[in-house]
Amino acid sequence: MAIGLIIIGDEILSGRRVDKHFPKILEMLSARGLSLDWAEYIGDDPARITATLKRTFASDDIVFCTGGIGATPDDHTRQCAAAALGVPLVLHPEAREKIRERIADTARDAGSEPDYDTPDNLHRLKMGEFPQGAAIIPNPFNKIPGFSVPHQGAGAHYFAPGFPVMAWPMFEWVLDTYYADRFHQNPQLEQSVLVFEAMESTLTPLMEAIEMEFPLVKVFSLPHVGDANTRRHIDLGVKGEPVQSAAAFKKMLSGLDQLKAEYRPA
């Protein structure tokens, strides 16, 4: 089961807001011995959102999705998820209660009694309309829940608001509640060196030999063209199963020595 991330919102693609979800998701996964396999950014285009979700619903992946689950005209994610699944949107009973709790909290903070039947409060209930069969994801910030949709096979989608203060604890709850048995199951070791003034073509045979000898290891090569303060170099390294990765790194250093390459720890 791969782990994916879908980030929805015109504001990200236009630059009005800088995406903070990607690095945070990497951080929370890494802390649990997990890694991100893919990520996609999508604007507020219903047809594109629906097509993307229809494709990813058909996978066995664990997919985290942020943005567009509110009840304003530019929020399309709930409707698109339902369309991609071919099911109606329905008011989830637990979501209804959580939203009513939020309405009551807001009214009491203002020193009044809640009136659940005002047009504004009735409209807020739309935030609890999820694809039929969905489950809720608790929101510790303001009680307005997200939702999850299981796939027909393995995997599931987990939908949260675009606000980091809400989405991040909700996604951590998902990981700790549903996937704790997967934490730290595939330990990885990553090591690299900075190789100065070298050409990738010169290093490629060494990289190919290492991957052939150590099938549980990936070799990476990240060139840097250099600038006024940094010499041109390649961040060359290995990552993978710890025992093989350690042996592969030794072979890499030996190969660099044979090439008389100048390098230092990254």
Side-chain angles (χ1 to χ4, degrees), residues 1-14 16-17 19-26 28-29 34-95 98-99 125-139 144-164 166-175 177-179 182:
M1 295 172 68
I3 299 177
L5 173 64
I6 299 174
I7 298 169
I8 297 174
D10 284 348
E11 68 278 7
I12 300 297
L13 298 182
S14 70
R16 289 182 65 86
R17 286 187 177 175
D19 171 49
K20 297 180 180 179
H21 294 298
F22 184 84
K24 183 62 179 183
I25 291 292
L26 294 183
M28 67 174 67
L29 291 175
L34 303 171
S35 59
L36 187 67
D37 295 280
W38 58 266
E40 296 188 33
Y41 290 83
I42 311 173
D44 294 314
D45 181 304
R48 190 177 299 277
I49 297 170
T50 301
T52 300
L53 292 177
K54 190 170 184 177
R55 168 172 51 83
T56 55
F57 278 141
S59 74
D60 290 332
D61 295 350
I62 299 166
V63 182
F64 296 98
C65 185
T66 73
I69 69 169
T72 56
D74 59 340
D75 291 318
H76 307 292
T77 303
R78 293 177 298 105
Q79 299 90 326
C80 291
L85 293 166
V87 301
L89 280 177
V90 295
L91 180 57
H92 194 288
E94 292 179 66
K98 290 296 181 184
I99 293 170
L125 291 178
K126 288 189 174 295
M127 291 188 289
E129 293 180 354
F130 304 140
Q132 189 173 56
I136 69 166
I137 302 173
N139 180 346
I144 309 296
F147 67 99
S148 64
V149 175
H151 300 178
Q152 289 187 354
H157 276 55
Y158 300 95
F159 295 86
F163 299 103
M166 301 180 195
W168 297 351
M170 293 168 76
F171 286 156
E172 289 191 302
W173 179 89
V174 167
L175 288 168
T177 300
Y178 296 120
Y179 300 106
R182 296 176 177 271

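Bear in mind the structure is a predicted one, so any value in this text is a computation, not a measurement.
The nearest pair of heavy atoms linking Ile136 to Pro145 is CB-CB, 4.0 Å. The two atoms that bring Gly128 and Ala95 nearest to each other are CA-CB, 3.7 Å, heavy atoms only. Here the closest non-hydrogen pair linking Pro46 and Cys80 is O-SG, 3.4 Å. Listed here is the closest heavy atom pair of Ala71 and Lys126: CB-CB, 4.1 Å. When all heavy atoms are compared, the tightest approach of Pro164 to Pro169 is O-CD, 3.9 Å.
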(message) For Thr56 and His157: C-alpha separation, side-chain torsions, deciding distance, then whether side-chain hydrogen bond (donor to acceptor under 3.5 Å, both in side chains) applies.
(response) CA-CA 9 Å; Thr56 55; His157 276 55; 2.8 Å; yes
(request) Take Phe64 and Val174, measure what side chain to side chain contact (heavy atoms under 4.5 Å, CB included) needs, and give me the verdict at the end. (result) CA-CA 9 Å; Phe64 296 98; Val174 167; 3.8 Å; yes
(message) Checking Ile6 against Ile49 for the side chain to side chain contact (heavy atoms under 4.5 Å, CB included) test, could you report, in this order, the C-alpha distance in whole Å, the side-chain angles of both residues, the deciding distance, and whether it holds?
(response) CA-CA 10 Å; Ile6 299 174; Ile49 297 170; over 6 Å; no
(message) What verdict does the side chain to side chain contact (heavy atoms under 4.5 Å, CB included) test give for Leu175 and Met28, after you've listed the backbone C-alpha separation in whole Å, the side-chain angles of each residue and the deciding distance to 0.1 Å?
(response) CA-CA 9 Å; Leu175 288 168; Met28 67 174 67; 4.0 Å; yes
(request) List the steps and the verdict of side chain to side chain contact (heavy atoms under 4.5 Å, CB included) for Leu89 and Gln79. (result) CA-CA 7 Å; Leu89 280 177; Gln79 299 90 326; 3.7 Å; yes
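Distance check: Asp10 CG to Arg17 CZ gives 12.0 Å after rounding to the nearest 0.5 Å. The distance from the CD1 atom of Ile137 to the CZ atom of Phe171 is 6.5 Å, given to the nearest 0.5 Å. A distance of 7.5 Å separates OG1 in Thr66 from CD1 in Ile12, rounded to the nearest 0.5 Å. Here CZ of Phe163 is found 12.0 Å from CE of Met170. Values are rounded to the nearest 0.5 Å. The CD1 atom of Ile3 lies 5.0 Å from the CD1 atom of Ile62; values are rounded to the nearest 0.5 Å. To the nearest 0.5 angstrom, Asp19 atom CG is 3.5 Å from Ile7 atom CD1.
The shortest side-chain heavy-atom distance between Leu53 and Val149 does not fall under the 4.5 Å cut-off. Asp61 has its side chain out of reach of Met1: every pair of non-hydrogen atoms, C-beta onward, lies at least 4.5 Å apart. In this structure the side chain of Cys65 never reaches within 4.5 angstrom of the side chain of Tyr158, judged on heavy atoms. Looking at heavy atoms from C-beta onward, Gln132 lies out of side-chain contact with His92 at the 4.5 angstrom threshold.
Relative ring orientation between Phe159 and Phe57 is described as tilted, the plane-to-plane angle lying within the 30° to 60° band. Ring-plane geometry between Trp168 and His21 is classed as perpendicular, the angle between the planes exceeding 60 degrees on a 0 to 90 degree scale with a lower cut at 30.
A donor-acceptor pair under 3.5 Å links the side-chain atoms of Thr77 to the main chain of Gly67, judged by distance alone. With His151 contributing its side chain and Gly153 its backbone, the two residues share no donor-acceptor pair below 3.5 Å. Distance alone, capped at 3.5 Å, places no donor-acceptor pair between the Asp37 side chain and the Ala2 backbone. Checked by atom type and distance alone, the side chain of Arg78 pairs as donor or acceptor with a backbone atom of Ile69 at under 3.5 Å.
With salt bridges taken as basic N to acidic carboxylate O contacts below 4.0 Å, none links Lys24 and Glu172.
Residue Ile8 forms a side chain to side chain contact (heavy atoms under 4.5 Å, CB included) with just one option from Asp45, Leu13, Asp44, and that option is Asp44.
Heavy-atom contacts from other residues, nucleotides or ligands closer than 6.0 Å to OH of Tyr41 number more than 12. Within a 6.0 Å sphere centred on CZ of Arg48, heavy atoms belonging to other residues, nucleotides or ligands number 12 at most.
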